[in-house]
Amino acid sequence: MATRQTQPTELIPPSPASPSRAEPGRAATQAGGSRVRLPSLTGMRFPAALLVFLFHLSLPAHWLVAGDANDTFFARLVEEAGGVGVTFFFVLSGFVLTWSAREGDPNRSFWRRRYIKIVPNYLVAWVLAMLLIAVGTAPWRSVATFLMLQSWVPDYATNFSVNAPGWSLSTEVFFYLCFPVLIAAVRRISPQHLKYWVAAVVAGVCATPWLATALIPAGDVYMSNEPGVSGLHLWFAYVFPPARLLDFLLGILVARVVMLGRWRDIGLAWASLLLAASYVVSELPGVPYLFAQRAVCLVPCVLLIAAGALADASGRPSIFRHRAMTWLGEVSFAFYLVHFIVLSEVYNLIGAPLESGWAMAAVAVAECAVSVLAAWAMYAWVEKPLVRRWSRPRDQARAEAATA
């Protein structure tokens with residue numbers, strides 16, 4: 001993945017004649033003039049969120065067609081989709097935060113920006129879930145999810161209680177707490193040694209499912225859609241924040257390699273094909289479920305993220321930079337939070353199984369559309385105004401308001 005060069009230099013913005021200057025998220029310098037904007041990575045967010053949507057659509061709790069959801073072709077087709085989407089988001093988070101990190105930025109300012117970005121949306125979704133789909137949740141589980149602590153509890157029901165996708169935000173909060181320490185440590189790694197760190201972290205991710213099954217007792221609780229997989233094993237390998245910190249750290253390391261000009265880019269097309277091929281491998285009989293969830297698609301996700309960043313930096317064409325894709329990417333975080341609520345509520349409203357797969361497909365498209373509209377509303381009325389108002393230092397916000 002990484003290749004050695006004798007004179008590493010950080011990426012610089014494209015020249016004024018670069019084609020990317022005409023795109024909606026056109027390149028712009030950041031601190032010190034050493035970064036470019038990455039609209040392609042924004043555009044990649046919605047396909048990743050859509051993978052999670054499709055996985056949740058296949059779960060027994062949301063399955064609308066008569067018959068056992070676990071035995072359907074659709075369920076088998078998308079059984080690894082949620083894991084790929086979450087892995088992509090965790091790596092992407094580390095990559096983007098490293099790319100945009102500013103030297104000398106106070107930790108307090110960084111934490112304020114990140115929590116203003118995620119916590120208000122999370123709490124709005126929590127309230128909606130409590131009102132619509134989680135009324136009977138045990139009080140202590142409701143409190144744990146409100147406080148974003150559910151991913152620390154070794155209990156399957158708690159991990160996915162109230163609003164199931166919320167566990168990943170509980171884990172992401174831990175990443176943000178660790179980021180100032182991690183980025184400082186990664187910056188001290190010599191450029192020629194970064195590739196070894198990347199390889200070591202990939203190996204660590206691959207070892208996590210084995211450690212889970214070798215060291216953690218299986219317990220009595222098993223997954224609803226994978227009855228042969230222990231809930232405790234899933235928690236340790238897939239949910240537990242320190243275990244998932246490896247994904248985030250990998251994103252930080254890869255961003256550093258790319259910024260230093262030491263990455264061997266295979267391009268968006270080949271990275272996309274490799275990701276598709278690895279997904280097929282993850283679905284093959286005999287591939288352990290936890291290994292498929294955590295490791296099979298990890299490197300292709302990394303390659304795709306790096307290819308998107310380099311496409312933007314060099315001005316090469318990228319479908320992910322299209323205006324529609326970047327808009328969907330902007331609302332993808334809200335989409336990720338509300339889609340499970342929409343799926344659950346529609347299931348409750350319909351009540352009886354549908355007789356036709358075509359009817360199910362039509363309902364699924366409608367559920368996706370409603371989720372996008374709800375996400376747009378949350379983005380426009382909650383996320384965007386609060387980020388604009390509170391993510392910057394008060395003095396800077398006042399100065400910009402005075403000159404507007």
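Predicted model only: the values in this text are computed from it and were never measured. All heavy atoms count here, side chains included; hydrogens, waters and symmetry mates do not. If you read the sequence from its start, that first residue is 1, and numbering goes on from there.
Proximity of the aromatic rings of Phe179 and Trp111 is defined here by a centroid distance below 6.0 angstrom, and this criterion is not met. The aromatic ring centres of Trp167 and Tyr238 sit less than 6.0 Å apart.
One distance of note links CZ of Arg389 with CD1 of Ile116; it measures 10.0 Å at 0.5 Å rounding. The CG atom of Leu59 lies 10.0 Å from the CZ atom of Phe160; values are rounded to the nearest 0.5 Å. Distance CH2/Trp126 to CZ/Phe146: 6.0 Å, rounded to 0.5 Å. Between the CZ atom in Phe320 and the CG atom in Leu41 there is a gap of 9.5 Å [rounded to 0.5 Å]. Rounded to the nearest 0.5 angstrom, Asn163 CG and Ile341 CD1 are separated by 4.0 Å. Here the CG atom belonging to Leu92 is positioned 10.0 Å from the SG atom belonging to Cys301, to the nearest 0.5 angstrom.
Side-chain contact between Phe89 and Ser168 is absent, with no heavy atoms from C-beta onward closer than 4.5 Å. At least one side-chain heavy atom of Val173 sits under 4.5 Å from a side-chain heavy atom of Tyr115. Within the 4.5 Å cutoff, no side-chain heavy atoms of Trp197 are placed close to those of Val186. At a threshold of 4.5 Å between non-hydrogen side-chain atoms, the residues Phe240 and Ser151 do not count as touching. Here the side chains of Phe95 and Val302 are not in contact, with every heavy-atom distance at 4.5 Å or above. Between Trp99 and Leu38, some side-chain heavy-atom pair lies under the 4.5 Å cut-off. By the 4.5 Å heavy-atom criterion applied to side chains, Phe88 and Leu51 are not counted as neighbours. Counting heavy atoms from C-beta on, the side chains of Leu232 and Val221 never come closer than 4.5 Å.
Within a 6.0 Å radius of CD1 in Ile319, other residues, nucleotides and ligands contribute 12 heavy atoms or fewer. Other residues, nucleotides and ligands contribute over 12 non-hydrogen atoms within 6.0 Å of the CG atom of Asp68. Atom CH2 of Trp140 has more than 12 heavy atoms from other residues, nucleotides or ligands within 6.0 Å.
One N or O on the side chain of Arg262 and one on the backbone of Pro191 form a donor-acceptor pair closer than 3.5 Å. The closest donor-acceptor contact from the side chain of Arg37 to the backbone of Asp312 lies at 3.5 Å or more, if one exists at all. A donor-acceptor pair under 3.5 Å is formed between the side chain of Thr213 and the backbone N or O of Pro209. Of the possible donor and acceptor atoms, none in the side chain of Arg256 sits under 3.5 Å from a partner among the backbone N and O of Thr98. Remark: the backbone N or O of Met148 is paired with a side-chain donor or acceptor of Ser170 at under 3.5 angstrom. Under a 3.5 Å cut-off, the side chain of Asn159 and the backbone N or O of Val153 do form a donor-acceptor pair. Checking side-chain atoms of Ser332 against main-chain N and O of Phe335 turns up no donor-acceptor pair under 3.5 Å. With hydrogens and angles disregarded, a donor-acceptor distance shorter than 3.5 Å links the side chain of Gln293 to the backbone of Glu79. The backbone N or O of Ala81 lies less than 3.5 Å from a partner atom in the side chain of Tyr279, making a donor-acceptor pair. Checking side-chain atoms of His339 against main-chain N and O of Tyr336 turns up a donor-acceptor pair under 3.5 Å.
Looking at every heavy atom in both residues, Leu343 comes nearest to Glu367 through CD2-OE1, 3.2 Å. Considering all non-hydrogen atoms of both residues, Ser161 and Thr137 come closest at CB-CG2, 4.4 Å.
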Working for side-chain contact (heavy atoms from CB on, under 4.5 Å), residues Phe248 and Phe174: CA-CA 10 Å; Phe248 183 72; Phe174 176 67; over 6 Å; no
Arg113/Ser109 under side-chain contact (heavy atoms from CB on, under 4.5 Å): CA gap, chis, key distance, verdict: CA-CA 6 Å; Arg113 291 193 303 271; Ser109 297; 3.8 Å; yes
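The side chain to side chain donor-acceptor pair (under 3.5 Å) test with Arg244 is passed by exactly one of Thr87, Thr208, Thr171: Thr87.
In this structure, Arg45 fails the cation-pi test against Phe333, since its NZ or CZ atom is not both closer than 6.0 Å to the six-membered ring centre and inside 45 degrees of the ring normal.
Look at Glu283 and Arg76 and you find no salt bridge, because none of the NZ, NE, NH1 or NH2 atoms lies under 4.0 Å from a carboxylate O.
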